[in-house]
Amino acid sequence: MFRSNSSQFDKLLDKATSNLKLEPDWPLILQICDLIRQGDVQPKYALASIKKKMTNSNPHVAMFSLNVLESCVKNCGSLVHDEIGTKNFMEQLKDTMKITTHENVKTKILELIQAWAYAFRNTPKYRSVQDTVNIMKTEGYKFPALKESDAMFSADTAPEWADGDCCHRCRVVFSIMQRKHHCRACGQVFCSQCTNKTCTLPKFGIEKEVRVCEACFEKVTKPTTS
Ligand SMILES: O=P(O)(O)O[C@@H]1[C@H](O)[C@H](OP(=O)(O)O)[C@@H](O)[C@H](O)[C@H]1O
Ligand SMILES: [Zn+2]
Ligand SMILES: [Zn+2]
């Protein structure tokens with residue numbers, strides 16, 4: 001799935017976090033995000049490399065690595081969220097808080113964890129982030145005021161369409177008379193009865209009414225439990 005372009009990734013990351021830079025090189029940082037989005041580098045590898053830079057003794061290198069991390073979370077959608085939303089990655093961030101001596105780096109890490117907890121407030125699978133905020137608060141960390149703008153992420157990408165010879169919901173077998181249809185929200189394949197609903201999918205940047213399955217119609221149209 002991933003062509004190993006990690007050497008190109010490493011080169012760009014070294015450049016983006018060079019201590020010779022006076023400020024973040026945003027075009028370069030977005031190129032790094034593209035490598036992840038295109039599948040040129042494994043998200044796990046990318047985040048491990050970024051994390052290594054966070055504990056760099058040079059404050060510029062450490063801070064630039066956080067700028068890269070912040071952009072990856074904002075631009076790469078679930079590819080990166082699935083990595084940073086884990087207990088393991090949250091533990092690594094907490095360790096970094098203990099290792100780094102740079103106050104601005106500590107503050108930035110607190111800002112990021114808090115913004116992600118807010119962004120993922122309705123996503124149970126990333127509950128480790130909110131758990132980490134709660135734990136760190138009991139450990140005495142002072143989180144800065146939340147800037148909601150930090151928690152706005154670009155749209156995730158709509159899922160690829162699955163294939164199958166029967167309806168994902170009612171299991172009816174497809175035939176000339178029983179046609180395949182796809183739900184744009186989950187990408188699964190269904191019979192016409194199980195996808196006779198439509199709705200917009202703003203989170204994927206889909207503003208027109210598109211075909212969705214019963215389950216996704218419920219999820220998208222019922223008010224999210226806060
Ligand atoms: O029914 P057909 O003409 O064979 O083609 C199907 C339609 O194009 C469906 O579009 P839809 O989901 O918008 O209905 C699509 O989801 C299926 O993959 C195609 O096999
Ligand atoms: Zn069906
Ligand atoms: Zn669906």
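Both ligands and their constituent atoms are indexed starting at 1 by order of listing. What's counted below: heavy atoms across the whole structure, side chains too, no hydrogens, waters or symmetry copies. Computed from a predicted structure; not experimentally measured.
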The one among His182, Lys180, Gln178, Arg184 that brings a heavy atom closest to atom 13 (O) of ligand 1: Arg184
Nearest 10°: the angle subtended at the Zn ion (ligand 2) by Cys191 SG and Cys170 SG? 110°
ang(SG Cys194, the Zn ion (ligand 2), SG Cys167) rounded to 10° is 110°
So the atoms of ligand 1 within less than 4.0 Å of a heavy atom of His181 turn out to be 11 (P), 12 (O), 14 (O), 16 (O)
Distance under 4.0 Å to a non-hydrogen atom of Arg179: what atoms of ligand 1 satisfy this? 1 (O), 2 (P), 3 (O), 4 (O)
Taking side chain to side chain contact (heavy atoms under 4.5 Å, CB included) as the criterion, tell me which of Thr100, Asp95, Val105, Leu69 meets it with Met54. Leu69
Would you call the rings of Phe120 and Tyr126 parallel, tilted or perpendicular, where under 30° means parallel and over 60° means perpendicular? tilted
Aromatic ring pairing Trp116/Phe89, orientation class (parallel under 30°, perpendicular over 60°, tilted between): tilted
So that I can tick it off, tell me whether Asp131 and Lys87 are bridged by a salt bridge, with the cut-off set at under 4.0 angstrom between side-chain N and carboxylate O. no
For the backbone of Gln92 and the side chain of Thr96, can you confirm whether one donor and one acceptor N or O come within less than 3.5 Å of each other? yes
If you have a sec, work out which protein heavy atom is nearest atom 11 (P) of ligand 1 and how many Å separate them, to one decimal? Arg211 NE, 3.4 Å
Specify whether the nearest protein heavy atom to atom 3 (O) of ligand 1 is under 4.0 angstrom away. yes
How open is the angle at the Zn ion (ligand 3) from atom SG of Cys213 over to atom SG of Cys216, rounded to 10 degrees? 100°
For His181 and Phe190, run ring pair (Phe, Tyr, Trp, His ring centres under 6.0 Å): C-alpha distance rounded to whole Å, both residues' side-chain angles, the deciding distance at 0.1 Å, then the answer. CA-CA 5 Å; His181 301 281; Phe190 298 90; 9.8 Å; no
